[in-house]
Amino acid sequence: LGAGRPAAHCVCMVSDFFYPNMGGVESHVYQLSQCLIERGHKVLVVTHAYGHRKGVRYLTSGLKVYYLPLKVMYNQSTATTLFHSLPLLRCIFVRERVTIVHAHSSFSAMAHDALFHAKTMGLRTVFTDHSLFGFADVSSVLTNKLLTVSLCDTNHIICVSYTSKENTVLRAALDPRIVSVIPNAVDPTDFTPDPSRRDDSTVTIVVVSRLVYRKGIDLLSGIIPELCQKHPELHFIVGGEGPKRIILEEVRERYQLHDRVRLLGGLEHQDVRNVLVQGHIFLNTSLTEAFCMAIVEAASCGLQVVSTRVGGIPEVLPENLIILCEPSVKSLCDGIEKAIAKLRSGTLPSPETVHNEVKTFYTWRNVAERTEKVYDRVADEVVLPMNERLDRLMTHCGPVTGCIFAFLAVLNFLLLAFLRWMTPDSIIDVAIDATGPKGAWTKQYFCGKKGRVKEELPNS
Amino acid sequence: MAEERRFRSASGAPIALRRRQHSASCRERGARPRLQLRSLSAAPPRVWLAAYGLFALSENSMVLSAAIVITLIGLIIYLHFVKIDQESLLVIGSLGIQVTSSYASGKESTTFIEMGRVKDVVINEAIHMQKVIYYLCILLQDPEDPQGVSEVVPLFQSSKPRLDCLIEVYKSCQEILEQRKTAPQSSGIK
């Protein structure tokens, strides 16, 4: 490392969501880790076991992934007892000499567990929130309370858009000064336009999203018949899978649109681009969205984007690239008509110009650079000692919840003391770094084989 | 010539590593947990105490004799099938690798892997109980695919030495495996 640069961090990313599961959080964690490794930090990822994928694995450029054998409860999120993951997580934190624990996604129980344990162990903590939440119904009241508890003594919080920041600050009753906004990014080389793939005799509207309520599929089922009646040359391609698929199939059945509405079912991430380039217009009907990756990907492929004006979406793209509508069938239909009119008159910018404009907006390197600044700032902060942490919990989270969690924090501390007595830190082997300043992976030739690289280690 | 060095196991218990060099291409490594007699000798009295308690309540002397028989059988099974006293690894460059584990009763179980099937010896890491530990293992060559690995044979499973000890064993294994690669293949004994 060159002089003047602050010391490299050893970052442990914790989230229930990681590859082979697919989604926004998964790719965020992966890409961010890769770029941080490139910047010379040591990064490891901790997640739960997926099927037979258990134990320790290495991904590209030495990203070490621990798949811990914890039980999955619901929606790929692990069950939490707040304590049972402590022995394994402590072992990993100690053997890897972790300095910063970075948890992802408020839906991930493991992320909250890891934050709780890391604070007990006196490590610095960062949390990234990837989603927006309501305030009114029972489930959000409960999750918001848990989030308040989890975040009140976390060093720093990262949100993906300003709307998301506002939402998180309100939900978790945080000091806005410890919340940073770092948007997501797309890999522009994965999403390149290809105008030859689309059929210019028709107008094709592409929808790529999970077919769930949150994504506004009910709106989509209202839009499809209305527009198809008005414009006989209009085609729809819908990529994605989910419980609301049945609604779209019903609509297709009722209005006899089998030749014009194609339902592709679940898509692999690498196939998304091939679907996107077949269309002229991208439609996003989300009802809530912290930061919409899909519209950036679509714009990067050179499509005209029509989207609902919800959550963080208005911040994502400049006005000339997106048509924003209210989340209603009428408004969305108007928006699409506007887009079709623009397309027919030929006033839409060419896909290449759009791609070249979008590719400068969101890059992972930029995200990593900004995340690094957060780490630098957090590294200078002090971790709350136990008594202050208890005090914070009790004053910050309400009299009942605060006391319960303060009690749990004390129990966790006692459990940690017991574990330290059973297996002192000194007898836990220090792991050989795969990445970072002393990374064996970066120094030795890269062979792509796990065994090969491992056997080189002890000689170095 | 034999020398003994002290290391610790993954759970912190002391173990002794004995190295014996028979010739340049034949080496033996033995890992022996320092026998924890304390844990062994504590079990029977506990069973007996419980039996006396039951005896005092039920006044049936069958309880006492049953307890004695059970502890005796239990001890025999424990020493004969569970308690591993010593694990050793014999690497002969031209022949193969022999893995022996001796139980506390003196029973030995031996596996021999011929050199042609050995692809490599590596250190790997795994999640074991509530810990992540390093372990040494032999990779067996897949007969159909020369690049593939058909099986992984973990070594020193009961003593579970720590990384420093594993590296020691690993290095000397690699020395012999290297000799095998550089030596002319025709002189090998099959």
Side-chain angles (χ1 to χ4, degrees), chain A residues 12 44 46-49 53-58 64-70 83-98 117 415-416 418-434 440 447-460, chain B residues 6-15 29 33 118-142 145-156 159-178 181:
Chain A
C12 178
L44 46 131
V46 177
T47 183
H48 67 257
R53 193 177 286 257
K54 293 179 195 147
V56 187
R57 304 282 177 116
Y58 288 86
K64 194 174 187 178
V65 188
Y66 287 91
Y67 290 96
L68 304 186
L70 302 173
F83 299 116
H84 74 298
S85 54
L86 178 64
L88 262 179
L89 284 174
R90 171 198 169 232
C91 185
I92 291 169
F93 292 161
V94 170
R95 75 198 296 271
E96 298 282 354
R97 298 287 185 260
V98 169
H117 302 323
L415 180 60
L416 180 69
F418 173 72
L419 286 172
R420 280 190 174 144
W421 174 73
M422 285 287 286
T423 38
D425 287 359
S426 58
I427 75 157
I428 296 178
D429 277 326
V430 180
I432 289 162
D433 292 1
C447 182
K449 267 235 171 103
K450 179 181 166 189
R452 190 77 227 163
V453 176
K454 293 233 67 162
E455 63 175 85
E456 302 296 335
L457 302 182
N459 297 332
S460 60
Chain B
R6 299 288 162 83
F7 287 101
R8 278 179 178 276
S9 77
S11 56
I15 49 173
R29 291 279 177 280
V118 175
K119 188 174 162 64
D120 214 336
V121 176
V122 296
I123 297 175
N124 204 350
E125 50 193 336
I127 298 173
H128 179 267
M129 308 294 274
Q130 294 287 332
K131 277 191 210 106
V132 186
I133 56 166
Y134 280 106
Y135 67 98
L136 195 69
C137 59
I138 305 176
L139 304 181
L140 298 189
Q141 195 135 27
D142 197 344
D145 170 23
Q147 292 294 314
V149 174
S150 67
E151 210 183 319
V152 175
V153 182
L155 300 173
F156 303 121
S159 45
K160 289 191 216 68
R162 284 185 62 180
L163 187 59
D164 48 357
C165 176
L166 288 178
I167 286 176
E168 184 94 358
V169 181
Y170 168 85
K171 275 184 180 160
S172 61
C173 284
Q174 283 301 324
E175 272 169 37
I176 296 174
L177 291 179
E178 280 303 314
K181 274 171 202 154

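By convention in this document, chain letters (A, B, ...) are assigned in the order of the sequence lines, proteins followed by strands, and residues within each chain are numbered from 1. Just so it is clear, the structure is predicted and the values come from calculations on it, not from any experiment.
Looking at A:Leu88, both its backbone and its side chain come within 4.5 Å of chain B, counting heavy atoms on both sides. Residue A:Tyr66 touches chain B through its side chain alone, counting heavy-atom pairs closer than 4.5 Å. Looking at A:Ser85, there are no atoms closer than 4.5 Å to chain B (heavy atoms on both sides), in backbone or side chain. Both the backbone and the side chain of A:Leu68 come within contact range of chain B, each with at least one heavy atom under 4.5 Å from a heavy atom of that chain.
There is no side-chain donor-acceptor pair under 3.5 Å between B:Asp142 and B:Gln147.
None of B:Val122, B:Ile123, B:Leu155, B:Val121 except one satisfies the side chain to side chain contact (heavy atoms under 4.5 Å, CB included) rule with B:Cys137; the exception is B:Val122.
The distance from the CD atom of B:Gln130 to the CE atom of A:Met422 is 11.0 Å, given to the nearest 0.5 Å. Expressed to the nearest 0.5 Å, how far CG of B:Leu166 lies from CG of B:Asn124 amounts to 11.0 Å. The CD atom of B:Gln174 sits 12.0 Å away from the CD1 atom of B:Ile167 when rounded to the nearest 0.5 Å.
Taking chain A as the reference chain and counting heavy-atom pairs below 4.5 Å, the highest number among B:Val149, B:Ile133, B:Ile127 is found for B:Ile127.
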